[in-house]
Amino acid sequence: MELFTPDFGLVFWMFIAFILLFVILAVWGWPVIVKMMEGRANTIDQGVEDARNAKEQLENARSEAQKYVKEAQARQAEMLREAAKMKTDIIEAARVEAQNAAKKEMDAAKVAIDQARKEAELQFRSEVGRFSIDIAEKMMRSKMSDDKAQKELVNKLLDEIEKN
């Protein structure tokens, strides 16, 4: 069992080596290790903080994107309303213009019809007048063959003129 029970000298030198190693590590090793651990902890904390900031920025960006989408939808709806209004205005203007054009055509047709009717009446009157004159002339020739009948007609016409 000697192998399993260490000698006092061995334990003493091991204790001295442990103390020496402990002092060396305490003086030069532990501060470096602690400093590295604190740096790592700071790096992790900074990463967590950066992740939080990124998350907030992402949420802000999402809310702004939603705001822009809503504004774009509102603009689109407004543009559609304006386009519909313009369409109805254009249709109404075209309808009014068509009505005005039709009215002008109807008025022009009425004027042309009235003018043609008046011309026809004038032509009819002139033909009737010409026929009347021809008939009267023929009748007068037959009745006025003697001088006595001509004198009576002239006197009768002069009397009628004086009365009017």
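The figures here come from the full heavy-atom set of this structure, side chains too, leaving out hydrogens, waters and symmetry mates. As the structure is a computational prediction, the values presented were derived from the model and not from experiment.
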Do any pairs count as a side chain to side chain donor-acceptor pair (under 3.5 Å) and have a residue in residues 75-90, sequence neighbours left out, and if so which ones? E78-R81, K85-D89

Scan residues 47-74 for pairs that pass side chain to side chain donor-acceptor pair (under 3.5 Å), counting only residues two or more places apart or in two chains. Q46-D50

How is the hydrophobic cluster of I161 composed, in terms of its other members, when Ile, Leu, Val, Met, Phe, Trp and Tyr link through side-chain heavy atoms under 4.5 Å apart, directly or indirectly? none

Just wondering, are more than 12 heavy atoms of other shown residues or ligands nearer than 6.0 Å to CD in Q99? yes

Distance-only check: which donor-acceptor pairs under 3.5 Å involve side-chain atoms of residues 117-130, not counting sequence neighbours?
unit_1: R117; atom_1: NH1; unit_2: E121; atom_2: OE2; d: 2.8
unit_1: S126; atom_1: OG; unit_2: Q123; atom_2: O; d: 3.1

For residues 16-43, which side-chain donor-acceptor pairs fall under 3.5 Å, sequence neighbours excluded?
unit_1: N42; atom_1: ND2; unit_2: E38; atom_2: O; d: 3.3
unit_1: T43; atom_1: OG1; unit_2: G39; atom_2: O; d: 2.7

Sequence neighbours left out, cut at 3.5 Å: what donor-acceptor pairs do the side chains of residues 100-115 make with other protein atoms?
unit_1: N100; atom_1: ND2; unit_2: V96; atom_2: O; d: 3.4

